[in-house]
Structures are given as C-alpha cells and as structure tokens.
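Here the structure is a predicted model, which means the values were calculated and not measured. Note that these values count all heavy atoms, side chains included, but never hydrogens, waters or copies made by symmetry. Whatever order the structure lists ligands and atoms in, that order sets their numbers, starting from 1.
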Amino acid sequence: NTICVDDYTVVGLIGSGSFGKVYKIIRKSDGKVLVWKEIHYGSMTDKEKQLLVGEVNIIKDLRHAFIVRYYDRIIDRENKKIYIIMEYCPCGDLSNFVKKLKKDKKSLDEEQVWRIFCQLAMALKECHVRKEGSPKIIHRDIKPGNIMLDDNHDVKLGDFGLARMLGEDSHYAKTNVGTPYYMSPEQINEKAYDEKSDIWSLGCVIYELCMLSPPFEAMNHLSLAQKINKGQYPAVSSKYTRVLSDLIRSMLTVDSSRRPSVDEICVSANIVHRIKDTQ
Ligand code: ADP
Ligand code: MG
C-alpha cells in the first residue's frame, strides 16, 4: 500500500521555483488539499540525489505550528521525478506580502513585525535546538519567498535545506539562483557556515518587514558581496523602537561567532511575554 501519484488529483500549478514546480493537489482518499513540489532528478549528480533524499528524511520529522508540514514523498523512477507532498499555504509567501504593502504604500506597525518575528524565531528554535541525539537542522535559505502565510496570517517556514544542494558545479547552482540578498557573509564568501547563517538571514527578513526592502541591495553579485561583508545598511526607520532595531543589528553582525543564537534572540525579544500578548 505505498502511495503513488495516482492517489492525488492535480488541481493546478502554483508556481515554479529553483528546484521544480509546486502544484496544488487533492488527496483522493479524503479530499484534503495539499501541495506537491515536483523535482526532476534526472539531471542531478548522484551526490545531489543523495542530499535531496537525506533532506527529505530530515524535514519529514519536523512538526511545528510555524513550519510547513511535510507529509510524504513519492519517487517516480520511470520519469525520474520526486514529489514532495506538503501542507498547502493558501495566502502566499512573505515576498508577495511585502510587495503588496509596498505597492499599496502601507507598512507594518511594530506589533505586526514582532508577531512575525516571534513566530519565525520559534520555528528556528525548533530547528536549531534539538533534543539530545537529534542533529541540528540548518535551513540555509531563509528568505521572504520561503516563508509562507496561512489563513490566520501565521507564518510557516518552508523549503528546508534543499538549498544545501547548491554546491559548486551543480547544474542547479548555475541555472536557478536568484540574487542572494539574504546570504550571510560566510555563505557569500563560500566559507564554512553553521546555524548562525540562518540568524543573519532572519535579520534580513525582519529588516525587510520594517523597511520593505532588504538591508543589502546591489546591481551585481560582487557589489552585493562587498556590502554584506561590511555589514552596512540603511538605518531602520525611527518609526520602530530601539529594541527592535538593536535586535536587527545584532542579527546582522558580520562576525558569526558574535551573532546571537536563536535562544539569545528569544530572550532579547522577550518571546514568552509577547506570544501571550499577541494571542
Ligand atoms: P523558490 O525556489 O522561489 O523558493 P518554490 O519552489 O519554493 O520557489 O515555490 C514556488 C512557488 O510555490 C512560490 O510562489 C511559493 O510561494 C509557492 N509555494 C511553495 N510552497 C507552497 C506551499 N506549501 N503552499 C502554497 N504555495 C507554496
Ligand atoms: Mg522556495
């Protein structure tokens, strides 16, 4: 009784991303609406395939209110495709949310930023701080396009670690990577990186929620890398409190060893307190 592609009805294409296409689907057995990401693995190297399967195995055990829930995977050997089945998030992603705010000349108030911040910090804590014996999970590609929204306007961190496959001489690395606005200095310099890279990227996302543009922007990769390495960005609007802009600054610390951990961020953000207040 293994599941197969025929157990689902494809409703329509949602969008295309770096690794494949995302479709809205319905599970025939109970009518549940889900999505699957269809990834063609025919052009992947053996190493990439291994990483893909490994990542799927890691994320399938992640269960958290603010993380996109993965349900299953189907491997279609004949067509060299893997389908990753996950929770459907009907309200798009933060990238579109920010674009819409900008277009409507609106901005988020302090409380709205904190609410999203707290939810993302909790999602990251689930990944970085694991039970004894479980490996830490580093997301590696935190950006507004990978943060989905549900109909409560709660966030769902998605697209886990597939970014790890973007090694050198990868077909995917060359053809499908957008401008890496959210990459940490250690990532953009192709140095070893750890979970502190996710903290940097989170800092960029929270900054963007306030300013509606990422902190580091440039016309080309080289000048972007230079800005990221200096860690200099336009100040956060004085519309927001010092507490918030200081926390963003700490996450955008160039030296990763001096960047706060997710636990430290949760303490500074007084998360326990805020979650109670916003509920
Ligand atoms: P990218 O490589 O740009 O991150 P993805 O392949 O992750 O793109 O996603 C492609 C599109 O599908 C995006 O527009 C994204 O918002 C949407 N999407 C991804 N996951 C889901 C989901 N679980 N529910 C609804 N839409 C999704
Ligand atoms: Mg994505």
Side-chain angles (χ1 to χ4, degrees), residues 8-27 31-41 43-44 48 51-52 55-56 58-74 81-103 116 119-120 123-124 126-127 137-167 170-183 187 197-198 201-202 204-205 208-209 214:
Y8 298 87
T9 308
V10 176
V11 180
L13 179 69
I14 295 178
S16 304
S18 339
F19 297 100
K21 293 183 172 136
V22 175
Y23 292 89
K24 185 172 172 181
I25 58 170
I26 293 174
R27 188 160 65 194
K32 190 170 173 63
V33 178
L34 296 160
V35 303
W36 71 26
K37 185 178 267 192
E38 179 193 88
I39 299 169
H40 186 76
Y41 63 79
S43 51
M44 284 184 184
E48 284 170 336
L51 285 172
L52 177 60
E55 292 295 348
V56 173
I58 291 173
I59 56 193
K60 82 178 200 270
D61 296 325
L62 271 178
R63 290 203 185 167
H64 190 270
F66 303 132
I67 296 177
V68 175
R69 168 85 189 277
Y70 284 73
Y71 281 86
D72 231 315
R73 66 182 196 288
I74 301 171
K81 282 178 181 167
I82 178 163
Y83 297 86
I84 300 173
I85 299 168
M86 49 195 170
E87 173 182 6
Y88 172 54
C89 306
C91 301
D93 58 48
L94 266 192
S95 147
N96 294 321
F97 183 64
V98 167
K99 270 189 209 132
K100 179 139 198 324
L101 285 170
K102 212 169 173 170
K103 188 173 144 265
I116 297 176
Q119 294 185 352
L120 287 173
L124 262 196
E126 180 70 17
C127 305
I137 298 169
I138 309 173
H139 187 290
R140 298 177 179 83
D141 194 22
I142 293 178
K143 60 177 185 182
N146 284 338
I147 299 165
M148 312 302 302
L149 294 168
D150 71 7
D151 33 21
N152 259 337
H153 267 249
D154 287 333
V155 302
K156 301 268 181 181
L157 185 56
D159 225 357
F160 266 80
L162 294 180
R164 184 204 265 179
M165 297 198 306
L166 300 177
S170 152
H171 167 72
Y172 288 85
K174 290 201 189 85
T175 52
N176 294 301
V177 183
T179 315
Y181 297 116
Y182 308 90
M183 262 195 192
Q187 276 176 303
S197 276
D198 285 346
S201 306
L202 177 63
C204 293
V205 169
E208 187 164 343
L209 288 176

Please work out whether any backbone atom (N, CA, C, O) or any side-chain heavy atom from C-beta onward of N96 is under 4.0 Å from ligand 1, and answer side chain, backbone, both or neither. neither
Taking all heavy atoms of R27 and all of Y8, pick out the closest pair and write down the distance. CA-CD2, 3.7 Å
Which of these, K24, K37, K21, has its nearest heavy atom closest to atom 5 (P) of ligand 1? K37
Atoms of ligand 1 under 4.0 Å from any heavy atom of D159, numbered from 1 in the order shown, are 4 (O), 7 (O)
Are any side-chain N or O atoms of Q119 and backbone N or O atoms of V155, one a donor and one an acceptor, separated by less than 3.5 Å? yes
So between I85, L13, D93, whose heavy atom ends up nearest atom 13 (C) of ligand 1? D93
Do the side-chain N and O atoms of E208 and Y181 include a donor-acceptor pair separated by under 3.5 angstrom? no
Is any side-chain heavy atom of P90 less than 4.5 Å from a side-chain heavy atom of V33? no
In plain terms, say whether K143 and D159 are close enough for a salt bridge, that is, a side-chain N and a carboxylate O under 4.0 Å apart. no
Taken in chain and number order and not counting sequence neighbours, the residues that satisfy salt bridge (Lys or Arg N to Asp or Glu O under 4.0 Å) with K102 are none
Region of M148 engaging ligand 1 - heavy atom pairs below 4.0 Å: side chain
List ligand 1 atoms under 4.0 Å from V35, heavy atoms only on the residue side. 22 (C), 23 (N), 24 (N)
What do you reckon, does C89 have a nitrogen or oxygen under 3.5 Å from a nitrogen or oxygen of ligand 1? yes
Nitrogen or oxygen of Y88 less than 3.5 angstrom from that of ligand 1: no
